[in-house]
Amino acid sequence: MADIFVSEYKNYPVVSVYIDDKLSFLSLVRESDLGSIYLCRVDNIIDNLQAAFVRFADAQIGYVPFKSILPSCVVNRSINSAKDIRQGDEIILQVDTEAIKLKKAKLTSNISVSGKYSVVTLGKSGVGASLKLSDDIRNSMIANIKKEYKSLLEKCDLFWADAGFGIIIRTEAGDLDPDNAISEILSDIEASISELSQILDEGRKRSLYSCIKKSKLGDVNEHITKAKNFLKSRNIDEFQIINDSVVHSIKQDIEKLLSNKVWLKSGGFLIIEQLESFNAIDVNSGKAIDKKKDSISKINYEAADEIFRQIRLRNLSGMILIDFINMKSSEDTEKLCSYVRALARKEPVHTEFIDITGLGIIELTRSKNDKTLKEVLQNTINAVDKP
């Protein structure tokens with residue numbers, strides 16, 4: 001049984017998914033600059049950092065690496081490469097990473113536009129597809145879209161055609177009727193190319209610091225769509241969308257996610273530490289009295305399921321190191337690694353199994369798509385609570 005709930009937590013809309021009465025997906029709806037596109041001004045060039053500091057939205061300062069600057073996005077004059085950028089230049093940039101604590105926001109001119117079935121990114125090249133698609137469907141779609149890439153490129157406006165674009169086919173494309181899938185995806189890509197042209201054209205007409213396109217992270221419907229896609233990835237097609245201000249003790253469930261200790265049904269527990277450069281997760285046997293081989297294996301598999309739930313709910317990203325309880329058999333360890341790989345492939349945010357170290361620590365990486373839940377709650381909600 002699964003339900004999508006739209007509720008509130010400290011006056012913030014929250015979209016959550018409960019599967020068999022267990023919180024499995026969480027998305028806090030808030031205004032955010034992540035993904036917003038601005039006409040920015042270059043304030044400083046820092047050669048030793050290979051980056052430029054830029055001002056956007058009047059008071060905000062961010063930085064853009066030289067490698068993320070495309071000449072076609074500089075609007076006040078023509079340049080040949082990022083090396084020609086100088087103080088005072090006006091450039092169209094998209095917020096790639098929000099400011100966190102003392103870190104400035106990171107911006108890029110590799111502007112991405114998302115359609116229903118595809119994502120088009122300025123300055124990239126090639127055609128790819130979501131790893132959530134089956135290999136047959138994925139390879140077929142990539143091959144067919146590649147055939148049309150040249151004709152799609154010809155639809156670009158001349159002032160940005162040299163930059164080109166890359167295409168990623170989204171997971172949603174897997175739901176299309178096979179007979180019409182390619183034509184639907186092509187129409188979606190063409191619409192995104194047209195939108196990208198409008199953004200770049202609009203940027204040449206706007207006043208400095210203005211927002212050309214606002215992020216949709218503050219739109220509840222966008223978060224409901226994410227929740228539906230999450231259920232789809234779990235092969236769950238039947239669910240209800242319920243608007244309710246008090247849901248399944250959502251307050252307690254969210255606040256548990258701020259604790260670094262998570263108990264397992266077996267009596268074991270996890271310790272989760274969010275550090276500056278990586279996230280560390282330690283699996284402990286805890287109150288599980290029976291320390292036999294089968295029991296240790298059972299705790300590790302239970303822990304693996306809970307770890308991925310916690311990663312998803314806390315929105316951990318970057319490097320994630322997991323120290324499972326040591327299993328003496330290399331065969332058992334490899335089976336556990338295979339299980340972790342399978343769980344990683346099911347995640348809605350790209351999560352990759354990297355390796356297992358000589359000390360038995362599993363390394364994962366997870367793409368950053370937003371601030372962690374802890375950062376959002378501490379930096380945003382706590383600020384609202386101050387008198």
Side-chain angles (χ1 to χ4, degrees), residues 31-40 54 56-57 64 68-75 90-98 105-130 141-142 144-146 148-173 175-176 180-226 229 369-370:
E31 291 298 327
S32 169
D33 261 336
L34 190 66
S36 292
I37 301 169
Y38 289 92
L39 180 59
C40 310
V54 297
F56 65 103
V64 53
S68 296
I69 295 175
L70 296 172
S72 54
C73 288
V74 177
V75 303
E90 297 175 14
I91 182 169
I92 302 168
L93 297 172
Q94 186 170 42
V95 179
D96 191 39
T97 304
E98 285 185 288
K106 181 182 176 184
L107 294 93
T108 179
S109 56
N110 295 122
I111 296 166
S112 288
V113 175
S114 295
K116 188 174 182 180
Y117 304 118
S118 65
V119 179
V120 172
T121 304
L122 184 68
K124 299 295 183 180
S125 61
V127 180
S130 168
M141 286 182 173
I142 289 174
N144 279 290
I145 298 301
K146 275 184 176 179
E148 304 295 331
Y149 186 81
K150 186 176 180 181
S151 63
L152 289 168
L153 195 59
E154 290 171 355
K155 297 179 186 293
C156 302
D157 287 338
L158 290 176
F159 66 83
W160 67 272
D162 288 347
F165 58 85
I167 299 167
I168 297 294
I169 300 165
R170 301 180 65 179
T171 308
E172 289 78 2
D175 297 329
L176 292 168
N180 302 318
I182 299 305
S183 60
E184 290 274 1
I185 295 168
L186 285 171
S187 295
D188 191 69
I189 293 168
E190 288 174 6
S192 292
I193 291 171
S194 176
E195 184 179 354
L196 191 51
S197 288
Q198 289 173 14
I199 289 167
L200 295 173
D201 183 55
E202 189 71 21
R204 285 163 163 73
K205 303 172 184 175
R206 291 291 190 93
S207 59
L208 200 56
Y209 310 130
S210 62
C211 182
I212 302 165
K213 182 181 179 183
K214 181 67 178 169
S215 162
K216 292 183 179 180
L217 287 180
D219 184 351
V220 173
N221 290 324
E222 288 291 313
H223 295 258
I224 292 173
T225 299
K226 290 180 184 178
N229 290 338
N369 67 328
D370 199 352

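Across L70 and A163, no two heavy atoms sit closer than the pair CD1-CB, 4.3 Å. Across N180 and S183, no two heavy atoms sit closer than the pair O-OG, 2.8 Å. For the residue pair F56 and A105, the shortest heavy atom distance occurs at CZ-CB, 4.1 Å. Summarising the geometry of L34 relative to D370, their closest heavy-atom pair is CD2-CA, 3.8 Å, with the distance given to 0.1 Å. Shortest non-hydrogen contact noted between L200 and L122 is CD1-CD2, 4.1 Å. Between A57 and Y38, the shortest heavy-atom distance links the atoms CB-CE2, 3.6 Å.
Every residue two or more places apart in sequence or in another chain was checked for a salt bridge (Lys or Arg N to Asp or Glu O under 4.0 Å) with E184, and none qualifies. Every residue two or more places apart in sequence or in another chain that forms a side-chain hydrogen bond (donor to acceptor under 3.5 Å, both in side chains) with E98 is listed here: R30, S32. In this structure, the side-chain hydrogen bond (donor to acceptor under 3.5 Å, both in side chains) partners of D175, at least two apart in sequence or on a different chain, are K232. Under the salt bridge (Lys or Arg N to Asp or Glu O under 4.0 Å) criterion, K146 pairs with no residue at all, not counting sequence neighbours. In terms of the side-chain hydrogen bond (donor to acceptor under 3.5 Å, both in side chains) criterion, S215 has no residue partners (sequence neighbours excluded). Partners of L208 under the side-chain contact (heavy atoms from CB on, under 4.5 Å) rule, at least two apart in sequence or in another chain, are L39, R41, E90. For A129, the side-chain contact (heavy atoms from CB on, under 4.5 Å) partners at least two apart in sequence or on another chain are L133, R138, I142, I169. Not a single ring pair (Phe, Tyr, Trp, His ring centres under 6.0 Å) links Y117 to another residue, sequence neighbours left out. For K205, the salt bridge (Lys or Arg N to Asp or Glu O under 4.0 Å) criterion is met by D201, not counting sequence neighbours. Considering only residues two or more places apart in sequence or on other chains, E195 meets the side-chain hydrogen bond (donor to acceptor under 3.5 Å, both in side chains) condition with K213. Qualifying salt bridge (Lys or Arg N to Asp or Glu O under 4.0 Å) partners for D96, counting only residues two or more places apart in sequence or in other chains: none. For T121, the side-chain contact (heavy atoms from CB on, under 4.5 Å) test picks out N110, S112, V119, K124, with sequence neighbours left out.
Side chains of L196 and I111 form a contact here, defined as non-hydrogen atoms less than 4.5 Å apart. Considering only heavy atoms from C-beta on, S109 stays 4.5 Å or farther from V74 through its side chain. Under the 4.5 Å side-chain criterion, counting only non-hydrogen atoms from C-beta, K214 is in contact with D33. The closest side-chain heavy-atom distance from T171 to N229 is not below 4.5 Å. Looking at heavy atoms from C-beta onward, M141 lies in side-chain contact with I185 at the 4.5 angstrom threshold. In this structure the side chain of I189 reaches within 4.5 angstrom of the side chain of I167, judged on heavy atoms.
Taking the charged nitrogens against the carboxylate oxygens, R170 and D188 have no contact shorter than 4.0 Å, which rules out a salt bridge. Ion pairing between a basic and an acidic side chain is recognised when a charged N comes within 4.0 Å of a carboxylate O; E202 and R206 show such pairing.
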Exercise. Step by step, would you call K106 with V95 a side chain to side chain contact (heavy atoms under 4.5 Å, CB included)?
Worked result: CA-CA 6 Å; K106 181 182 176 184; V95 179; over 6 Å; no

Exercise. Going through the checks in order, is the side chain to side chain contact (heavy atoms under 4.5 Å, CB included) test met by I193 and L152?
Worked result: CA-CA 8 Å; I193 291 171; L152 289 168; 4.2 Å; yes

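For the atom pair L93 CG and C40 SG, the distance stands at 4.0 Å (nearest 0.5 Å). In this structure, I168 CD1 and S130 OG are separated by 9.0 Å, a value rounded to the nearest 0.5 Å. In this structure, the separation between CD1 on I92 and CD1 on I69 is 13.0 Å, given to the nearest 0.5 Å. Atom NZ of residue K216 and atom OG1 of residue T225 lie 9.5 Å apart, to the nearest 0.5 angstrom. Atom-to-atom distance recorded for L107:CG and C73:SG is 11.5 Å, nearest 0.5 angstrom.
A donor-acceptor pair is defined here as one N or O able to donate and one able to accept, closer than 3.5 Å; no such pair exists between the side chain of S118 and the backbone of S114. Of the possible donor and acceptor atoms, one in the side chain of Q94 sits under 3.5 Å from a partner among the backbone N and O of G35.
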